[in-house]
Asks: 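Got a structure for you, questions after.
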Amino acid sequence: MTLDPAAGAEAALRARRARAEVKRAVHARERTALQVAEAAWEHPGSAEASLRVTELLDAIPGIGARRAERTLERLEISPRKRVGGLGARQRERLREWLDVDPAPARLIVLAGPTAVGKGTVAQHVREHYPWIRHSVSWTTRAPRPGEIDGVHYRFVSDAEFDEGLAEDAFVEWATVHNSHRYGTPRAQVQEVLDTGDSVLLEIDLQGARQIRDSMPEALLVFLAPPSWEELVRRLVGRGTEDEAERTRRLATAEVELASQDEFDAIVVNRDVAEAAAEVVGLIGR
Ligand SMILES: Nc1nc2c(ncn2[C@@H]2O[C@H](COP(=O)(O)OP(=O)(O)O)[C@@H](O)[C@H]2O)c(=O)[nH]1
Ligand SMILES: Nc1ncnc2c1ncn2[C@@H]1O[C@H](COP(=O)(O)OP(=O)(O)O)[C@@H](O)[C@H]1O
């Protein structure tokens, strides 16, 4: 029987479209990942069955690629596996996880190089997505023009910061740009999480790594510039640092750009509103 290549290509295109539709429905919350998995196991030849497990988890809002990868490691399921190809015990473990775990990410870290637009995007989120709360970090750096104590940061002295450290008051903290210290108050974050709301932490790479280790359910988002030149343009354009400080910050930025693969998701900040919508879309509801 000769295989007609055109018919084969047509069938492959149909299968790809069917899988894309399944992922879209999960991302749009029209179907749960658990319903898709059950359909895959009921109908072995279906589009659901041919989805890779990574595709299925990645389609769940609030589960970035890294969190999907870490979850499959924990479930001892190879990322190459298709949903329909899982063994009985793997199905049981996946069914259990899908039934309980994929809660919306409620602790979101937004990190990225200086002047990429973290503060601007976070401000847009604050204004347009009021259900997402924001933690106010402590910092020993001086306020910039227009920055309000208690809103942008809690501006404190070194001695006050030391007191906070002695009282274990921070869920994470770091010395950034080899100069000032910044820390996220534990009580503030816990209070938000206890109410079931989501909280956005705008912190540096060191802080993001601490959160990843201490709170693995957090969603880590890296905000990237469209290009290095644009990043430099924004830093100079902001006009809040002198030449020496800009040089120091750009040196940190190079290190941070090299670490973006440690994050669950990367959002490029070309347009503030679009970047904010993408971050919020990752959080899930
Ligand atoms: N680890 C940590 N980093 C923070 C915290 N608050 C702000 N940062 C980071 O400190 C760095 C310096 O922030 P800032 O002085 O506002 O300058 P910017 O980077 O140019 O916005 C940025 O990467 C912020 O994300 C915090 O509570 N913890
Ligand atoms: N998408 C964007 N396009 C152009 N300029 C931007 C964009 N996002 C932010 N900016 C500008 O870049 C500068 C740095 O933004 P900021 O939010 O202070 O960065 P960060 O908090 O990451 O250090 C600011 O002048 C801001 O207005």
Side-chain angles (χ1 to χ4, degrees), residues 107-127 134-156 160-161 164-165 169-189 199-215 218 220-242 245-257 259-260 262-263 267-279:
L107 185 78
I108 306 91
V109 166
L110 183 65
T114 185
V116 68
K118 296 181 297 299
T120 308
V121 168
Q123 181 55 28
H124 188 96
V125 171
R126 200 182 271 110
E127 287 161 8
H134 295 251
S135 78
V136 177
S137 298
W138 289 25
T139 184
T140 59
R141 85 154 163 77
R144 289 181 190 139
E147 285 186 329
I148 303 158
D149 186 27
V151 174
H152 296 87
Y153 284 103
R154 177 134 180 249
F155 296 99
V156 297
E160 286 170 311
F161 200 93
L165 284 175
F170 303 119
V171 69
E172 61 73 34
W173 72 278
T175 300
V176 190
H177 304 311
N178 300 322
S179 51
H180 301 298
R181 289 184 294 176
Y182 298 76
T184 300
R186 183 188 311 280
Q188 215 182 86
V189 169
V199 60
L200 183 111
L201 308 187
E202 192 208 313
I203 62 178
D204 88 314
L205 171 66
Q206 302 164 87
R209 285 173 173 156
Q210 292 170 52
I211 293 289
R212 185 186 59 205
D213 295 343
S214 65
M215 306 175 97
L220 274 57
V221 181
F222 187 90
L223 195 65
S227 68
W228 175 261
E229 294 71 25
E230 174 62 13
L231 185 70
V232 175
R233 213 183 350 267
R234 291 180 188 174
L235 181 60
V236 174
R238 186 173 71 184
T240 48
E241 282 80 23
D242 62 22
E245 177 63 15
R246 282 203 297 271
T247 305
R248 202 179 11 247
R249 281 167 177 258
L250 288 174
T252 314
E254 282 184 313
V255 172
E256 291 174 329
L257 282 167
S259 69
Q260 48 194 291
E262 294 177 34
F263 287 73
V267 171
V268 179
N269 176 17
R270 286 187 186 78
D271 169 87
V272 176
E274 285 171 13
E278 203 174 328
V279 171

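No experiment lies behind these values; they were computed from the predicted model shown. Residue indices begin at 1 and follow the sequence shown. Each ligand, and each atom within it, is numbered from 1 in the order the structure gives.
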Asks: Are any of the side-chain heavy atoms of Leu201 and Ile108 separated by less than 4.5 Å?
Replies: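 Side chain of Leu201 against side chain of Ile108, heavy atoms only: no contact under 4.5 Å found.
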Asks: Give a yes/no on ligand 2: does Ala115 have at least one heavy atom closer than 4.0 angstrom to it?
Replies: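 Yes, Ala115 has a heavy atom closer than 4.0 Å to ligand 2.
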Asks: Going from CG on Asp271 to NE2 on His124, what distance comes out if it is rounded to the nearest 0.5 angstrom?
Replies: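 Answer for the CG-NE2 pair, Asp271 versus His124, is 8.0 Å.
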Asks: Given Glu202, Arg234, His124, which has its nearest heavy atom closest to atom 4 (C) of ligand 2?
Replies: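 Minimum heavy-atom distance to atom 4 (C) of ligand 2 goes to Arg234.
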Asks: Please work out, at 4.0 Å between heavy atoms, whether the side chain, the backbone, both, or neither of Glu241 comes within that distance of ligand 1.
Replies: neither
Asks: Near Thr114, which atoms of ligand 1 are under 4.0 Å from a heavy atom of that residue?
Replies: 18 (P), 19 (O), 20 (O)
Asks: Are His180 and ligand 1 in contact, using a heavy-atom cut-off of under 4.0 Å?
Replies: no
Asks: Please work out, at 4.0 Å between heavy atoms, whether the side chain, the backbone, both, or neither of Arg181 comes within that distance of ligand 1.
Replies: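 No part of Arg181 comes within reach of ligand 1.
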Asks: Below 4.0 Å, non-hydrogen atoms only: which portion of Arg141 touches ligand 1? Side chain, backbone, both or neither.
Replies: side chain
Asks: Below the 3.5 angstrom mark, is there an N/O of Glu256, backbone or side chain, next to an N/O of ligand 1?
Replies: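 Checking ligand 1 against Glu256, no N or O pair falls under 3.5 Å apart.
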Asks: For ligand 2, is there an N or O atom under 3.5 Å from any N or O atom of Glu230?
Replies: no
Asks: Do Leu205 and Phe222 have side chains that approach each other closer than 4.5 Å (heavy atoms only, starting at C-beta)?
Replies: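 No. Closest side-chain heavy atoms not under 4.5 Å.
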Asks: Among Gly112, Ala276, Gly117, which one has a heavy atom closest to atom 19 (O) of ligand 2?
Replies: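 Ranked by closest heavy atom to atom 19 (O) of ligand 2, first place is Gly117.
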Asks: To the nearest 0.5 Å, how far apart are CD in Glu254 and CG in Leu257?
Replies: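 Here the rounded value is 8.0 Å.
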Asks: Just which atoms of ligand 1 are under 4.0 Å from any heavy atom in Gly183?
Replies: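 Taking each heavy atom of Gly183 in turn, ligand 1 has 26 (C), 27 (O) under 4.0 Å.
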Asks: Out of all atoms in ligand 2, which are within 4.0 Å of some heavy atom of Gly119? Include the element for each.
Replies: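 Counting atoms of ligand 2 from 1, those under 4.0 Å from Gly119 are 17 (O), 20 (P), 21 (O).
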Asks: Give me the residue, atom name and distance of the protein heavy atom closest to atom 24 (C) of ligand 1.
Replies: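 Nearest protein contact, heavy atoms only, for atom 24 (C) of ligand 1 is Lys118 CE, 4.0 Å.
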Asks: Is Asp149 close to Tyr153 at the side-chain level, that is, under 4.5 Å between some pair of heavy atoms?
Replies: no
Asks: Looking at Gly207, which atoms of ligand 1 are within less than 4.0 Å of one of its heavy atoms?
Replies: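 Those of ligand 1 that fall under 4.0 Å from Gly207 are 1 (N).
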Asks: Pull out every atom of ligand 1 sitting under 4.0 Å from any heavy atom of Glu172, numbered as shown with elements.
Replies: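 Checking each atom against Glu172, I get 1 (N), 2 (C), 26 (C), 27 (O), 28 (N).
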Asks: My understanding is that we take every heavy atom of each candidate and find the minimum distance to atom 13 (O) of ligand 1. Doing that for Tyr153, Phe170, Trp138, Trp173, which one comes out nearest?
Replies: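 Looking at heavy atoms only, the winner is Tyr153.
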Asks: For the side chain of Glu202 and the backbone of Ala122, is there at least one donor-acceptor N/O pair under 3.5 Å apart?
Replies: no
Asks: Looking only at protein heavy atoms, which one is nearest to atom 5 (C) of ligand 1, and how far off is it?
Replies: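 Result for atom 5 (C) of ligand 1: Tyr182 CB, 3.4 Å.
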Asks: Can you tell me if Glu172 uses its side chain to pair, donor with acceptor, with the backbone of Ala208 under 3.5 Å?
Replies: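 It does not hold such a pair.
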Asks: I'd like the name of whichever of Arg249, Arg144, Glu274, Arg238 reaches closest to atom 25 (O) of ligand 2 through any heavy atom.
Replies: Arg238
Asks: Do any heavy atoms of Gly239 fall under 4.0 Å from ligand 2?
Replies: no
Asks: Kindly give the heavy-atom pair with the smallest separation between Val125 and Ala276, and that separation in Å.
Replies: CG2-CB, 3.8 Å
Asks: Quick one: are His134 and Val199 in side-chain contact, heavy atoms under 4.5 Å?
Replies: no
Asks: Tell me, do Val171 and Pro185 make a side-chain contact under 4.5 Å, heavy atoms counted?
Replies: no
Asks: Is any side-chain heavy atom of Phe155 less than 4.5 Å from a side-chain heavy atom of Glu147?
Replies: yes
Asks: Given Arg238, Gln210, Glu202, identify the one with the heavy atom nearest to atom 21 (O) of ligand 1.
Replies: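 Going through Arg238, Gln210, Glu202 one by one, Arg238 has the nearest heavy atom to atom 21 (O) of ligand 1.
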Asks: Give a yes or no on whether a salt bridge exists between Glu229 and Arg233, defined as a side-chain N under 4.0 angstrom from a carboxylate O.
Replies: no
Asks: Which residue and atom name correspond to the protein heavy atom nearest atom 18 (P) of ligand 1, and how close is it?
Replies: Arg249 NH1, 3.2 Å
Asks: Please evaluate residues Glu278 and Arg270 with respect to the criterion salt bridge (charged side-chain N to carboxylate O under 4.0 Å, His left out), reporting the C-alpha separation (whole Å), side-chain torsions for both, the decisive distance (0.1 Å), and the verdict.
Replies: CA-CA 11 Å; Glu278 203 174 328; Arg270 286 187 186 78; over 6 Å; no
Asks: Would Gln123 and Arg126 count as having a side-chain donor-acceptor pair, cut-off 3.5 Å?
Replies: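 Yes, because at least one side-chain N or O of Gln123 sits under 3.5 Å from a partner of the opposite role on Arg126.
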Asks: By number and element, which atoms of ligand 2 are closer than 4.0 Å to a non-hydrogen atom of Pro113?
Replies: 22 (O)
Asks: Contact between ligand 1 and Gly119 is defined here as a heavy atom of the residue under 4.0 Å from a ligand atom; is it met?
Replies: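 Contact absent.
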Asks: Could you point out which residue of Val176, Val109, Thr175, Thr114 forms a side-chain contact (heavy atoms from CB on, under 4.5 Å) with Asp204?
Replies: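 So, applying the side-chain contact (heavy atoms from CB on, under 4.5 Å) to Asp204 and each of Val176, Val109, Thr175, Thr114, only Val176 qualifies.
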Asks: What's the shortest distance from atom 26 (C) of ligand 2 to any protein heavy atom, and which residue and atom give it?
Replies: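 For atom 26 (C) of ligand 2, the nearest protein heavy atom is Thr120 OG1, 3.6 Å.
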Asks: Of all the non-hydrogen atoms in the protein, which one sits nearest to atom 8 (N) of ligand 2, and at what distance?
Replies: Asn269 ND2, 3.1 Å
Asks: Check this for me - ligand 1, Glu147, N or O atoms closer than 3.5 angstrom, yes or no?
Replies: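 No, Glu147 has no N/O under 3.5 Å of an N/O on ligand 1.
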Asks: Tell me which one of Ile203, Val176, Leu223, Thr175 gets a heavy atom nearest to atom 10 (O) of ligand 1.
Replies: Val176
Asks: Could you check, using the six-membered ring where one of them is a Trp, whether Trp138 and Tyr182 have ring centers closer than 6.0 angstrom?
Replies: no
Asks: Classify the contact between Gln123 and ligand 2 as side chain, backbone, both or neither, using a heavy-atom distance cut-off of under 4.0 Å.
Replies: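 Neither; nothing of Gln123 gets under 4.0 Å from ligand 2.
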Asks: Just heavy atoms, cut-off under 4.0 Å: does Ala275 contact ligand 2 by side chain, backbone, both, or neither?
Replies: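 Neither; nothing of Ala275 gets under 4.0 Å from ligand 2.
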Asks: Of the side chain and backbone of Gln206, name the one, both, or neither that has a heavy atom under 4.0 Å from an atom of ligand 1.
Replies: neither
Asks: How far is atom 6 (N) of ligand 1 from its nearest protein heavy atom, and which residue and atom is that?
Replies: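 For this ligand atom, the closest protein heavy atom is Ser137 OG, 3.2 Å.
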Asks: Of all the atoms in ligand 2, which lie at a distance below 4.0 Å from a heavy atom belonging to Arg270?
Replies: 1 (N), 2 (C), 3 (N)
Asks: Could you tell me whether the side chain of Val151 reaches within less than 4.5 Å of the side chain of Val136, counting heavy atoms only?
Replies: no
Asks: Say whether Arg141 and Thr139, considering side chains only, have a donor N or O and an acceptor N or O under 3.5 Å apart.
Replies: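 No.
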Asks: Check ligand 1 against Ala174 and write out every atom of the ligand that is under 4.0 Å from a heavy-atom position of the residue.
Replies: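 Once the distances to Ala174 are compared, the set is 1 (N).
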Asks: Could you list which atoms of ligand 2 come closer than 4.0 Å to a heavy atom of Lys118?
Replies: 17 (O), 19 (O), 20 (P), 21 (O), 22 (O), 23 (O)
Asks: Give the residue, atom name and distance (to 0.1 Å) of the protein heavy atom nearest atom 9 (C) of ligand 1.
Replies: Asp204 N, 3.7 Å
Asks: Measuring from atom CD1 of Ile211 to atom CG of Leu220, what distance do you get when rounded to the nearest 0.5 angstrom?
Replies: 8.0 Å
Asks: I'd like to know if the side chain of Lys118 reaches the main chain of Ile203, judged simply by a donor and an acceptor atom lying under 3.5 Å from each other, with no hydrogens or angles considered.
Replies: no
